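Letters A, B, ... mirror the listed sequences (proteins, then strands); counts begin at 1. Everything numeric in this text was worked out from a predicted model, so none of it was measured.
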Amino acid sequence: MGEVVRLLIDLASLGGLYAFLAAGYVVAYRTSGVVNFAYPACVLVGAYLTASLYELTDSWPLALAAGLGLGALAGLGFYLGLLRPLTGQPRTSAVMMTVGLLFLIEALARLNWRGATVFMPLPGAGTGWTVSGQLVRAHDLALAAAPVGLALLLTLFYRLTRLGISMRAVAENPVLAARRGVDIELALGLSWVVATAVAVLAGVLAGAKGPVNPGLVQVSIKAFAVALVGGLDSVAGLVPGALVVAGAEVLAVRYLGPHLAEAVPFAVLLGVLTLRPWGLCGSREEIYRV
Amino acid sequence: MFEVGEALGRLWRRSPYLRTHYAQELQLTYYTNFRVAALGLGGLLLVGLPLWAHGYLLTLAVFVLIYLIGAVGLQVVTGLAGQLSLGQAAFMAVGAFVGGAAHFHLGTPFPVNALLAVATGGFCGYVLSFPALRFRGIYLAVVTLAFHFIVITLLREYQLFLQTRFGTLRDIVLPDPAFGPLVLGSDRAWYWFLLAAALAVLLMAANLVRSPYGRAWVAIRDHDVGAEAVGLDVRWYKRRAFVVSSALTALAGCLHAYYTHTVSADNYGLTLAVMYLAMVIVGGLGSLRGAVWGTLFVVLTPELLSGLLRGTAIARDPEAVRMAVFAGLLITFLLAEPKGLEAVRQRVWNYFELWPFKYRPLEGSRR
């Protein structure tokens, strides 16, 4: 019983973190059609930055607001400075650009923070209950709830607001959307702004799972497998995708060995991509196939 | 006096544009006297490099040559066949580990191990091509990324297994490679050996480019549906591109392991894959000369920079500096010159060749 509870808690907290992290990939991909490989580095810098801001201001709302603002600004900068100039070139160019950006930001973070391990004193850190001899932290529950809330929010945004609908239109057919009067610059820019702001939030959330260190980049890259398993253009697929990937990882780490944590999400990814390339909930025609 | 000068000039400047024999169409490259002289001089300089370069400089040259072999491999699959691959580091690791494992378990000599590494690398490329053939573009990059993490994890497990079972050190240690009595014990010997190997690889790749394979790859890169429509077996050719590329990269990995004497999964991180990507993009996608320029530029720039930064606080983490440089170069070239250094060279060359005129020669006339 205790073991089952432990596995469930691990699954909930890891799956929650994965789903939240994966949301950033989905938001960027849904509008721009570009896989944002720079996202993991944004998560790391977001976490470091918010922790520093908290030390400075000594208030979480203030630090979070400032962190989100800076993240949004950075996202706008990426779009205007690096991705907009690549308009008209093949999408692989944009992907290579984000790969370059990933390593540039990661290197700069390493030079600035020197691979520090930062503990985030989030509110509610000490709270927890014992169930069948296993500690359930309040943060584990928060981790499990956060992505569900975010997915709901994103779904409502895409379904109900004018801006959300125009972003979906841009994703489907940018030229037609522009003809119909949709401001595609605004939609694309906004998708990067939201994606980077989500990265900052995800970084803070990762601080609730444990201390933040450069290993967070690796975790975020694994979350990419989650986004693909769920369906790269699907908000609804986030939670199921995270449950599948995190479940496989938790079981493998528990019964096979902790070293496999790096590889299991990608093995799941390869399996899903081979059998069902559009992911669990993604739309079929999205895939470029031979 | 004028006539003599003109005759000499005509002999000297055999035109690369005017082809008078069918044999000229079949040549790998064109030969003007100037070009023959330049190639000879350049070759002499290259062969003679170890006579004046020592220590650090020679080590750098050796690394450039090793990476050049891998860069040609990436150029085949990404530059020619148009399949974006982030699996270069994994293929290098496969080559290194096969070489190391063959040495450790079988005790076979270096030439056998290198051949084994090439064969296994090719086989791994063949295996990877099965999932990879189902995808294009971004999804393919993701598949190769997944392949990278899986391979590196498995190799790390293998290293751990060796430590617990045989009590090896953290890394497998390799001796100097030997061809019978010939031992590659010094940087100088390594340099000459690798120069020959890299030239052989470049020559093979240059011949591949103009073979039916190369033309099929370019066709697939430019328009895969069109390539299929004119009767090319797209899957078959893509699979061959993966096999050739991964075999070459595994060779580079095996050489790298023997040169550094160590085999460790930690040496083959994702940074290496990005470094390779930077090499082919900085040099110019799809061009073998571009691979040469790109390798030189990407390997030497961080060294130059860390020399400039010596003593400052930033220099304490050279790995991060190198990472930043690769990424910065990649971004800069994507924004400023997506066709790479080879396009820059061509522009500069044309300017001087046409001077004082400005118009360009006929498209495709210069090979």
[X] to [Y] - nearest heavy-atom pair and separation:
X        : Y        : answer
B/Met323 : A/Phe103 : CG-CD2, 3.7 Å
B/Ala320 : A/Ala107 : O-CB, 3.3 Å
B/Ala327 : A/Gly100 : CB-O, 3.0 Å

Taking side chain as everything from C-beta outward and backbone as N, CA, C, O, which of these in [X] sits under 4.5 Å from a heavy atom of chain A? Side chain, backbone, both or neither.
X        : result
B/Val274 : side chain
B/Ile150 : both
B/Ile281 : side chain

A/Met96 CE to B/Ile331 CD1 distance, which is reported to the nearest 0.5 Å: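 With rounding to 0.5 Å, CE (A/Met96) is 13.0 Å from CD1 (B/Ile331).
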Distance check, rounded to the nearest 0.5 Å: A/Arg84 atom CZ versus B/Leu335 atom CG?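 It comes to 12.5 Å.
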Heavy-atom distance under 4.5 Å to chain B: side chain of [X], backbone, both or neither?
X        : value
A/Leu270 : side chain
A/Ile105 : neither
A/Leu102 : neither
A/Gln218 : side chain
A/Leu269 : side chain

Between [options], which shows the greatest number of heavy-atom pairs under 4.5 Å with chain A?
options                               : result
B/Leu140, B/Leu270, B/Val225          : B/Leu270
B/Val142, B/Leu84, B/Leu330, B/Leu160 : B/Val142
B/Val151, B/Leu329, B/Thr271          : B/Thr271

Would one find more than 12 heavy atoms of other residues, nucleotides or ligands at under 6.0 Å from atom CZ of B/Phe123?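 Open: at most 12 neighbouring heavy atoms sit under 6.0 Å from CZ of B/Phe123.
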Show your working on side chain to side chain contact (heavy atoms under 4.5 Å, CB included) between A/Phe266 and B/Thr153 and close with a plain yes or no. CA-CA 11 Å; A/Phe266 293 104; B/Thr153 307; over 6 Å; no
Pairs of heavy atoms under 4.5 Å with chain B: top-ranked of A/His259, A/Arg110, A/Gln89, A/Glu106: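 Maximum pair count with chain B is reached by A/Arg110.
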